[in-house]
Amino acid sequence: MTDTLSVEHLNLTFENENGAVLALDEISFSLARGEILSLVGESGCGKSVTAMAIMGLLPPGSAKISGSIRLGPTNLLDLNEAELRNVRGNRIGMVFQDPMTSLDPVHTVGMQIAEVVQRHRGADAKAARSRALEMLDLVRIPDARNRLQAYPHELSGGMRQRVMIAMALACNPEVLIADEPTTALDVTVQAQILELIGELKSELSMSVILITHDLGVVASTADRMMVMYAGRIVEEGPVERVFSRPSHGYTAGLLQSLPGYGSTLRSHLTEIAGSVPRLDHRNPGCTFAPRCRFATGHCNAPLPDAHEIGANHRSLCIRDTAVFEAISNHEIVRAWA
Amino acid sequence: MAIIESAVPSHPVGPLLRHMGRNRAITLCCLFLIVLVLLAIFAPVVAGDPLKIDPAHRLSSPEAGAIWGRDHLGRDVFARAVYGTRVSLLVGFSVAILTTVFGVAIGVYAGLSRIGGAIVMRLTDAMMAIPAILLAIAFASILNAGLLTVIIAIAIPEIPRMVRLVRSVVLGVRSQPHVTAAISIGTSGLALIWRHILPGTMGPVLVQATYACASAIIASAVLSFLGVGISPEVPSWGGMMADARSTFRVQPVLMLYPGVLLSLLVLAVNILGDRLSDTLDPRKSRRTSL
């Protein structure tokens with residue numbers, strides 16, 4: 001498989017007058033053609049910031065970024081603003097979390113989709129309009145011809161998210177970044193949108209980065225997953241490998257926190273005690289150690305690089321065997337084994 | 001749903017006009033403004049000579065030749081009031097347009113540029129610390145007398161208000177997800193401002209422009225009343241009130257005619273601004289109400 005997008009040694013620091021915050025720490029990953037890669041982790045772990053960095057949407061003054069983000073042969077970090085604009089929406093499309101506010105309320109959805117096509121393909125208004133119609137059909141919006149004239153407030157949440165997807169895909173991008181595309185939607189609509197993204201991925205043979213905090217979404221949609229914690233990738237691998245052999249204390253904690261597994265109906269939901277550490281001063285050891293059930297004294301020592309657990313499956317955790325042994329009887333792990 | 005069924009392609013101006021037609025306040029204000037505009041344009045047809053002095057009929061009551069009577073120099077009060085409409089409307093509309101053009105341009109710049117924004121804001125603070133009418137009087141005395149001077153003198157103190165308003169709206173709009181989304185599809189610079197940021201500011205700007213128009217009409221009357229700017233023989237409502245002051249005990253109506261006209265005009269403009277901002281807000285779903 002060829003890599004569409006590869007990120008290497010991406011470090012990101014936000015600086016302000018109170019000091020620096022290390023938001024991303026040595027992030028490296030690659031995205032193969034036709035693959036759905038899922039970024040998982042709790043709020044503030046760096047999922048969305050990774051997406052913003054790829055799109056070049058970070059505030060230029062305060063964000064200091066190093067490493068490389070390669071789309072094909074070009075390093076996106078070397079591009080200037082004008083060159084980046086030709087990438088955005090054209091070669092990388094993005095779908096945002098909240099479809100209620102991500103569409104401009106003063107333009108019809110048809111116009112907003114047409115704008116992308118006009119901007120990147122130089123199409124005239126008529127061609128752009130017919131492309132917009134085609135896109136609305138593609139994202140399965142019924143009665144697309146009349147919907148072109150609709151303003152965003154006239155559409156439901158699920159419909160608006162479909163419009164966002166249509167906008168993101170109007171120029172046939174190589175990569176679609178979906179930043180929690182289903183968080184603001186109700187459960188039945190979530191399933192439809194995820195199914196749509198999966199189908200379109202195959203139809204258009206593009207790659208997808210799916211950002212989510214919902215392991216259920218990962219299990220049903222993604223090919224490969226990356227678990228992030230406090231700006232680091234703590235575990236990555238094919239979905240079935242990670243689910244069948246969780247090899248990081250944080251992944252294990254996430255799996256155990258899923259409601260409905262390993263708990264009876266009225267029992268308390270399992271949680272991971274504590275909260276994400278502050279990112280301004282970093283200990284060289286495992287950032288998750290203070291919250292980890294499996295942590296030992298060694299976890300606070302400087303951490304070795306991620307090691308292979310199995311084929312394409314890597315973990316930062318030095319206690320991976322202990323973690324797996326403890327969780328191997330969990331329902332999900334047995335189901336995937 | 002009815003909303004969807006009515007989503008037929010049509011030019012937005014059609015429904016907007018129909019909506020305005022159904023709102024009685026807007027209709028009345030528009031009618032009043034149209035009448036005044038027509039009077040201003042066709043003043044020579046409607047009224048007699050506003051400058052002709054007729055000392056024999058000083059302060060005479062309404063008569064065939066002068067339906068609102070004559071002032072202390074025997075000039076036709078109705079003719080002067082009709083011609084005075086010209087000054088008021090011209091100053092009001094010009095100031096509204098100048099304020100909008102400069103205010104929006106500077107305000108958008110201030111909202112998008114961090115350093116530029118800080119400088120512009122300090123300047124507007126400084127200008128707004130001085131009462132607008134004092135500033136206008138100062139400008140009017142520095143520059144040569146004339147209508148243009150009055151317009152510029154009134155517009156300059158109005159611009160900082162518009163700048164502040166536009167900047168605050170732009171700051172809000174620019175951080176909205178739909179603007180980030182527009183950037184994420186590659187929309188750039190001017191297109192982003194023109195298509196995604198400016199439309200969001202139009203409601204508040206329109207209202208502010210009508211307020212600027214209304215306050216400019218009052219300010220121009222004040223300047224004429226004080227005898228600054230426009231020369232006294234040009235008929236203006238402020239000048240008429242100043243003239244009527246000396247004969248107030250004998251003929252109080254001379255003060256009343258321009259005063260009432262001025263109040264009604266300002267009221268109409270203000271109401272129009274308020275209602276228009278409601279009508280133009282896309283989130284208030286005008287389609288559902290049609």
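When reading the values below, keep in mind they use all heavy atoms of this one structure, side chains included, and skip hydrogens, waters and symmetry mates.
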Polar side chain donor-acceptor pair, H196(B) to Q112(A), under 3.5 angstrom
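No, no side-chain donor-acceptor contact under 3.5 Å.
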
Could you tell me which portion of L103(A) (side chain, backbone, both or neither) has an atom closer than 4.5 angstrom to a non-hydrogen atom of chain B?
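For L103(A), the contact with chain B is made by the backbone alone.
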
What is the distance from atom [atom1] of [X] to atom [atom2] of [Y], rounded to the nearest 0.5 Å?
| X | Y | atom1 | atom2 | value |
| --- | --- | --- | --- | --- |
| I183(B) | L84(A) | CD1 | CG | 11.5 Å |
| D104(A) | L192(B) | CG | CG | 9.5 Å |
| M94(A) | T180(B) | CE | OG1 | 9.0 Å |
| M55(A) | S184(B) | CE | OG | 4.5 Å |

Nearest atoms (heavy-atom pairs only) where G186(B) meets R119(A)
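Smallest heavy-atom distance, with atoms named: O-NE, 2.8 Å.
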
Work out which heavy atom in A181(B) is nearest to a heavy atom in S102(A); give both atom names and the distance.
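Residues A181(B) and S102(A), closest heavy atoms: CB-O, 3.4 Å.
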
Between R85(A) (side chain) and T187(B) (backbone), is there a donor-acceptor pair under 3.5 Å?
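Side chain of R85(A) to backbone of T187(B), a donor-acceptor pair under 3.5 Å: no, none is there.
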
Heavy-atom pairs under 4.5 Å with chain B - which of M167(A), M100(A), Q97(A), E115(A) has more of them than the others?
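Highest number of pairs under 4.5 Å: E115(A).
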
For each of M52(A), H107(A), E81(A), tally heavy-atom pairs with chain B at distances under 4.5 Å, and name the one with the top tally.
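Result: the option with the highest number of such pairs is H107(A).
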
Would you say F102(B) has more than 12 foreign heavy atoms packed within less than 6.0 Å of its CZ?
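No, CZ of F102(B) has 12 or fewer neighbouring heavy atoms, counting only those of other groups under 6.0 Å.
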
For the residue pair Q176(B) and T101(A), establish whether any side-chain heavy-atom pair is separated by less than 4.5 Å.
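Q176(B) does not reach T101(A) side chain to side chain.
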
Measure R195(B) against the heavy atoms of chain A and call it side chain, backbone, both or neither at under 4.5 Å.
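It is both, since atoms from each part get that close.
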
